[in-house]
Amino acid sequence: MDRDSSDEDDDRRNLTYRNDTTRSSFNVEELEPQMRRRSKLTFHKGYLFALVLPLLIVFIYFSTDIRSLFTSDISSFKFNTVSDQIRESQLQALHLLNQQQSSLLSIWNHTFVNSNNVTTVQFDDIKATLLTQITLNKHIQQILLSPYKAGDTLQNGTALDPSSAGYSFHRCRKVDQKFSERRTIEWKPRRNKFLFAICLSGQMSNHLICLEKHMFFAAILNRALVIPSSRFDYQYNRVLDIEHINDCIGKKVVVPFEDFMKLKKNHAHIDKFICYFSTPQPCYMDEEHLKKLKSLGISMGKLEAAWKNEAVKNPSRKTVKDVEEKFGSDDDVIAIGDVYFADVERDWVLQPGGPIAHKCKTLIEPSKLILLTAERFIQTFLGSNFIALHFRRHGFLKFCNAKKPSCFYPIPQAADCITRMVERANSPVIYLSTDAAGSETGLLQSMIMLNGKTIPLVKRPPRNSAEKWDALLYRHGLEGDSQVEAMLDKTICAMASVFVGASGSTFTEDILRLRKDWGTASICDEYLCQGENPNFISGEE
C-alpha cells in the first residue's frame, strides 16, 4: 500500500500538464514567496544605481573639462594645432631666409665685385635693398614668434622697426634740380620786333617742343614771339596758358596771332622767312601751307636757308653766336622754321626751368582747366603715390625696330619690367597712358602682379555725367578734344611719383620736361625696360 502510494506521488510530479493545471497563475500560495524574493533583489539594485550615478557625474565634472568632451571633435577640424603652426612658421621662415640670401648675394655680385664703378644711384639702390632685407628679417622673426602669440614683440621686449631705428630711406626720392644754378638769358623784346613761329613737323608734342625752342630764339634775338593761328597750326590756347608765360617774364613777350594782326591792321608782311634746315624740305613748307598763310592776310618774300647743308637727320650743334649771326636783323617781322630738330645750346635748353630767366617753375604750362582736371582725376582714382606709364604701341613698332636693340617690347617682357618698377617704387597703382588696343592692355594687366596681388592699371574712363572730376572740361566745351586729352594725359603723368616712358617718344619728352620743371622728377624715372641706367633721363649719374 505504501509503495503504491509512493509511485502515485511520483507520477503526479512527472505529469507536467497536470502539474501545471494544479499550479495555475492564480495559485497565490505558491507564487507569493518567489515574488517577494525577486522584488527585494530588484529594489536593492535600482537603489544602488540611483546612489552611484550622481556621485559618478560629480566626479567626472570635477576631474574632466566637460567642454573638451564636446569640442574635441570640432577642434580636430582646425587648420593647425600648435605643433603644426610651429612647423609651418619654420617652413615660411626658411623660405624667406632663402629669398634674403639670394637678394644679398645679388647685391654682392652686382656691386662689390665692381666697387670702383658704383655710382650714387647704385649706392642708393644698395641702401634701399638692404633696408628691404632688414624689414624682411623682422618679418621672419614675427613668423617664428607667431605660434607663441608674441605678435610684433621679441622675447627681450624690443621690436625691430627700421623706420624708428633710423633705417628709413626713400628709394625713389625726387631729383634735386638745382634751380639756383641755372644758366639763363633775359628776354627783352625790342619795340615792334616780332618772330613768327613756324612749327609744322610731327604732332602736337613736336610742336610744343618747337614752340619752346622758338621762345629761346626770340629771347636771343630780342623779339616778341607770335603764336601761330589755329587755322595754320594747333589751337594752342586750348591746351596752354599763354598769359602765364607773360606773367612769368613780367612783360608781354608772346603775342597771340589775333592780337598781332590787330597791331598790323589785319595785314602783316614777313620781311624775312628763314629756314633753319635746307633738307629734306626747307621749313617743311609746301604750297598748301603757303596758301594758308596768305589766306590769313600774311604776305612774304622768298624762303631762304640759313645753312645750305643743314639736314634734319643730322643736325649740327649750334651756339647763341651762330643764331645771332644767321637770324639777327633789324626787320620788323621775321619767320624761322621749323626748329624742332635744331640743336642749339643743348645743355642750356634742357636744364630744368629752361634757358630763359623767369619767376615761375616753367614757362610752357598746361592751361588752368587742364591742371585742375588732372588734380581731380588723381584725387578720385589714384591717390598721391602712383606710377605713370606711357605705353606707346600704335605706329611704334616700325620706329622701334629700326633701332638696335629695338625699343618695342613684347607684353610679357614689358610686364616684367613694369613689375620690377612697382616693387622698387612701392606704389599700389599705375596710371596707364597708351594707344594700345584692349587686347594688349588686358594681357598686360593680367601679368602685372606683385606678391600674389594684381597691381591695377588705371586709364581715364569715358565721359560719365555721374563723375565730376572732368566737369570743368565739359562745361567749357573742351571735352572730347584730342589735343586737350593728350595734354591732360601728360599733366597726370607729370604729377606721378615715378614715371616710366617710351624711348624715342616726343610725348614722353614733353612729360619729362614738365617733371623736371615742376620738381616732380624721381631718380627712378626711366624709359621702359631700360633700367640698367635708370637716371640718364634725369641727368643724375
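The residues of the chain are indexed from 1 along the displayed sequence.
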Please name the pair of heavy atoms, one in [X] and one in [Y], separated by the smallest distance, quoted to 0.1 Å.
X    : Y    : result
I249 : A357 : CD1-O, 3.4 Å
K213 : A342 : NZ-O, 2.8 Å
L528 : L389 : CD1-CD1, 4.5 Å
K252 : P189 : O-CG, 4.2 Å
E440 : I411 : O-CD1, 3.9 Å
H390 : S505 : CE1-OG, 3.1 Å

Donor-acceptor pair, distance only, cut-off 3.5 Å: does the side chain of [X] make one with the backbone of [Y]?
X    : Y    : result
N222 : R190 : no
E186 : I356 : no
N246 : V253 : yes
R231 : K292 : no
Q445 : L457 : yes

Check your understanding: Within 45° of the six-membered ring axis of F507 and under 6.0 Å from that ring's centre, is NZ or CZ of R392 located there?
Key -> no
Check your understanding: Is there a donor in the side chain of N206 and an acceptor in the side chain of S201, or the other way round, less than 3.5 Å apart?
Key -> no
Check your understanding: Is any NZ, NE, NH1 or NH2 atom of the basic residue among E479 and R463 found under 4.0 Å from an Asp or Glu carboxylate oxygen of the other?
Key -> no
With [X] via side chain to side chain contact (heavy atoms under 4.5 Å, CB included) - residues at least two apart:
X    : answer
A335 : F196, I198, I270, F273
E258 : P256
S299 : H267, H269
E287 : L290

A quick test of your reading: do over 12 heavy atoms of other residues, nucleotides or ligands sit less than 6.0 Å from [atom1] of [X]?
X    : atom1 : answer
K265 : NZ    : no
N237 : CG    : yes
E423 : CD    : no
Q203 : CD    : no
N309 : CG    : no

Exercise for review: Any pair with a residue in residues 325-393 that passes disulfide bond (SG atoms under 2.5 Å apart), sequence neighbours left out, goes on the list, sorted by first then second residue, please.
Suggested key: C248-C360
Exercise for review: Determine which pairs satisfy disulfide bond (SG atoms under 2.5 Å apart) with at least one residue from residues 266-337, sequence neighbours left out, and list them in order.
Suggested key: C275-C283
Review point. With sequence neighbours excluded, what pairs up with H214 under the ring-ring contact (aromatic ring centres under 6.0 Å, His included) test?
Key: none
Review point. Residues two or more places apart in sequence or in another chain: which of them pass disulfide bond (SG atoms under 2.5 Å apart) with C493?
Key: none
Exercise for review: Could you list all the side chain to side chain donor-acceptor pair (under 3.5 Å) pairs where at least one residue sits in residues 311-327, not counting sequence neighbours?
Suggested key: E310-S316, S316-K318, T319-D322
Check your understanding: For P366, which of L372, T373, L371, L488 qualifies under side chain to side chain contact (heavy atoms under 4.5 Å, CB included)?
Key -> L371
Pairs touching [range] that satisfy ring-ring contact (aromatic ring centres under 6.0 Å, His included), sequence neighbours left out:
range            : result
residues 325-375 : F216-W348, F217-F327, W307-F327
residues 230-251 : H207-Y234, F232-H289
residues 404-440 : F377-Y431

